[in-house]
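The structure under discussion appears below in the form of structure tokens.
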Amino acid sequence: MKKLTVLAVALSVATIGMPVAALGQPQEMKQEEQKPKLMDIKGTVKADGDKVTFVADSDGKSWNVVNPETLKDHVGHHVQLSAHVYADKGEIHVMKVSMVKE
């Protein structure tokens, strides 16, 4: 009887553990694929009311800023950003701002 109980517990753990392990891997890969690139970009900060945008020097593309409070003091300035770029959404999340010497 003791062997039967141990076998039942071992089988239960193995049965429960397999689906959990199988489900964990695709989620991890999916999260890695969704990580945005951290890029350095030069451009100008613009504001229209409360909406803050960033216009890149390289291609003239206008990006919506996810965290506009980081750029409020730089409206109208030429800056270099270190930002996570969400190209599919046309958004950036600013991590670091520095003024560009002209």
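Basis for what follows: all heavy atoms, side chains included, without hydrogens, waters or symmetry-related copies.
Note that CG of Asp40 is 7.0 Å distant from CG of Leu38, once rounded to the nearest 0.5 Å. Distance NZ/Lys42 to OG/Ser98: 9.0 Å, rounded to 0.5 Å. Expressed to the nearest 0.5 Å, how far OG1 of Thr44 lies from CG of Asp57 amounts to 5.5 Å. Atom NZ in Lys37 sits 13.5 Å away from atom NE2 in His84 (nearest 0.5 Å).
Residue Ser62 comes nearest to Thr53 through the heavy atom pair OG-CB, 3.8 Å, listed as atom of the first residue, atom of the second, then distance. Contact between Ala56 and Trp63 at its shortest, heavy atoms only, is CB-NE1, 4.2 Å.
Two residues are said to be in side-chain contact when any heavy atoms from C-beta on lie closer than 4.5 Å; Ile92 and Asn64 fail this criterion.
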**Report entry** side-chain contact (heavy atoms from CB on, under 4.5 Å) between Val85 and Ile41, worked out
**Finding:** CA-CA 10 Å; Val85 177; Ile41 313 166; 3.9 Å; yes

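When the side chains of ILVMFWY residues are joined at heavy-atom separations under 4.5 Å, either directly or via intervening members, Met99 and Met95 end up in two distinct hydrophobic clusters. If you chain together hydrophobic residues whose side chains sit under 4.5 Å apart, Leu81 and Val75 fall into the same group. No single ILVMFWY cluster, assembled from side-chain heavy atoms under 4.5 Å apart, contains both Val66 and Val52. Cluster annotation: Val79 is connected to Met39 through the hydrophobic network of ILVMFWY side chains, with a link wherever side-chain heavy atoms come within less than 4.5 Å. The hydrophobic clustering, which links ILVMFWY residues whose side-chain heavy atoms are closer than 4.5 Å, places Tyr86 and Leu71 apart.
Here the rule is side chain to side chain contact (heavy atoms under 4.5 Å, CB included) with Val45, and of His78, His74, His77 only His74 fits it.
Heavy atoms from other residues, nucleotides or ligands lying under 6.0 Å from CG of Asp50 number 12 at most. Heavy atoms of other residues, nucleotides or ligands lying less than 6.0 angstrom from CG of Asp48 number 12 at most.
Using a distance-only test at 3.5 Å, with no hydrogens or angles considered, a donor-acceptor pair links the side chain of Asn67 to the main chain of Val94.
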